Amino acid sequence: MSLTYRQLQDIRSRHAGAIRHLHTLYTEMDDRYTAAAESHGFECRGCDDNCCRTRFYHHTLIEFAGLFSGYLELSEDQQRRITESAQAYCRKLETAGGQDRPPLRHLCPLNEDTLCLLYQQRPMICRLHGLPHVMRHPGRGLITGTGCHIFEETCRPGNGHPLDRTPLYRAMAHLEKSLRQTTGIDIPVRLTVAQMIVCFEE
C-alpha cells in the first residue's frame, strides 16, 4: 500500500512548512558533503557505473512529499516523460521479482541527458552517496561505510575525514516523526524514486 495523489497534495498544501524545513536540511547535507569531499580532494563527475542506476529505496514520508512538490513544478511534458520512464522502470522491477542477482541497473526516471530533473528535491541517499561515512547508531554503536568505487580508486586512504551522517539522520528522523504525528499517516514507505513517481498521477 502506498500514498495517494490526494494524500500527497494534502501534505503539500497543509504542511508546506515541513517541506521548507526539509529543503533547509538538504542544504545542510550538501554543505557537509562538500566539506567532506573537499577534505579528500574528491569531486564527483559522474561515471559509467552511475549511481543513478543503483536501486535505492527511500523510507520517509517527508521526502516522498518533497519529491512530489518538485514534480508538480515541472512542465506537463516533463511530467509525462518522467511518468512513462517510471512506469517502464517499475515493469522491469516487477519482472526481476525483487531479486538482486543480477542487480537491476535501470536508469532513474529523473535522469535526463545525465542531469537530474529534480536535483534540488533529490532524496537524502542521492545526496550522501559516494563518500566514506560514519553513523553513531543508538543501539548498534559506530557504523562505518566506504566510498563509491571511483572514490576508492582515486583518493588516497587516510586523507580527509569521513562524512558524519549522524546529525543528518537525526534531523531527518525528527522531521519525519513530526510530519507523521501531525498528519496521522502511518503507512510505511519503502519505495524507489520510480515507484514514488507512479503515485504522482491523479
Side-chain angles (χ1 to χ4, degrees), residues 1-16 18-27 29-30 33 43-100 102-130 148-150 172 175-176 179 185 187-202:
M1 182 178 180
S2 187
L3 271 72
T4 65
Y5 178 92
R6 181 174 295 181
Q7 286 174 308
L8 290 166
Q9 187 66 274
D10 183 70
I11 293 172
R12 181 174 180 263
S13 60
R14 297 189 182 187
H15 304 279
I19 295 177
R20 286 195 295 271
H21 286 310
L22 174 66
H23 290 163
T24 299
L25 177 56
Y26 279 164
T27 298
M29 288 181 185
D30 294 344
Y33 184 98
E43 183 177 1
C44 177
R45 295 181 178 273
C47 62
D48 293 336
D49 189 27
N50 196 318
C51 59
C52 294
R53 294 185 182 275
T54 302
R55 190 200 308 176
F56 290 129
Y57 285 97
H58 311 277
H59 301 268
T60 61
L61 174 64
I62 183 66
E63 290 191 285
F64 198 167
L67 200 69
F68 174 71
S69 182
Y71 172 87
L72 293 184
E73 296 175 3
L74 299 175
S75 68
E76 290 185 4
D77 185 58
Q78 286 176 315
Q79 291 180 8
R80 177 188 56 77
R81 295 199 309 272
I82 287 173
T83 300
E84 290 175 352
S85 181
Q87 290 169 342
Y89 185 107
C90 290
R91 286 193 294 270
K92 288 182 177 291
L93 193 58
E94 290 176 4
T95 300
Q99 299 299 314
D100 287 321
L104 181 67
R105 302 292 293 175
H106 195 60
L107 193 64
C108 175
L110 293 178
N111 187 304
E112 191 169 273
D113 298 327
T114 73
L115 298 176
C116 179
L117 291 176
L118 290 180
Y119 188 77
Q120 296 303 319
Q121 292 85 17
R122 71 196 190 283
M124 174 172 62
I125 191 58
C126 301
R127 296 170 184 271
L128 303 183
H129 180 71
C148 66
H149 77 284
I150 295 296
M172 183 65 76
L175 282 178
E176 179 73 357
L179 181 63
I185 295 174
I187 299 172
V189 175
R190 183 181 182 271
L191 299 169
T192 65
V193 165
Q195 290 170 321
M196 291 183 190
I197 291 170
V198 297
C199 298
F200 294 168
E201 292 295 290
E202 291 188 77

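Here the structure is a predicted model, which is why all the values come from computation and not from measurement.
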Is there a side-chain contact between M124 and F56 (heavy atoms, below 4.5 Å)? no
Measure the spacing between NE2 of H15 and CG of L61 and express it to the nearest 0.5 Å. 9.0 Å
Close side-chain approach of E63 and Q121, heavy atoms under 4.5 Å: no
Would you say OH of Y119 has more than 12 non-hydrogen atoms from neighbouring residues, nucleotides or ligands within 6.0 angstrom? no
With heavy-atom distances below 4.5 Å as the criterion, would you say the side chains of Q9 and T4 are in contact? no
Please name the pair of heavy atoms, one in P109 and one in I82, separated by the smallest distance, quoted to 0.1 Å. CB-O, 3.8 Å
Over all heavy atoms of both residues, which pair between R122 and C116 is shortest? Give the atoms and the distance, please. CB-SG, 4.5 Å
Heavy atoms, side chains only, cut-off 4.5 Å: are L191 and Y57 in contact? no
Quick one: does NZ or CZ of R127 land under 6.0 Å from the six-membered ring centre of Y26, within 45 degrees of the ring axis? yes
Any heavy-atom pair between the side chains of D10 and R6 that's under 4.5 Å? no
Closest contact, heavy atoms only, Q7 versus I187: NE2-CD1, 4.1 Å
Where C90 and V198 come nearest, the two heavy atoms and their spacing: SG-CG1, 4.1 Å
Nearest-0.5 Å distance, OG1 of residue T192 to CZ of residue R55: 8.5 Å
Hey, does the side chain of S69 reach the backbone of A65 with a donor-acceptor pair shorter than 3.5 angstrom? no
Roughly how far apart are R81 CZ and Q79 CD, rounded to 0.5 Å? 10.5 Å
Taking only residues two or more places apart in sequence or in another chain, which ones pass ring-ring contact (aromatic ring centres under 6.0 Å, His included) with H59? none
Do the side chains of I197 and L110 get nearer than 4.5 Å, heavy atoms only? yes
So which heavy atom on H129 is nearest to which on C51, and how close? CD2-CB, 3.6 Å
Salt-bridge test for E84 and R80: reply yes if a basic N is under 4.0 Å from a carboxylate O, no otherwise. yes
As an exercise, state the distance from CG of L128 to CG of D30, rounded to the nearest 0.5 Å. 8.5 Å
How far apart are the closest heavy atoms of C52 and N111, and which atoms are they? SG-ND2, 3.5 Å
Drop me the distance from E73's CD to Q120's CD, to the nearest 0.5 angstrom. 10.5 Å
Measuring from L115:CG to L117:CG, what's the distance to the nearest 0.5 Å? 8.0 Å
Residue from V189, I11, L179, L67 passing side-chain contact (heavy atoms from CB on, under 4.5 Å) with I62: L179
My understanding is that only residues two or more places apart in sequence, or in another chain, count here; which of them pass ring-ring contact (aromatic ring centres under 6.0 Å, His included) with Y71? F200
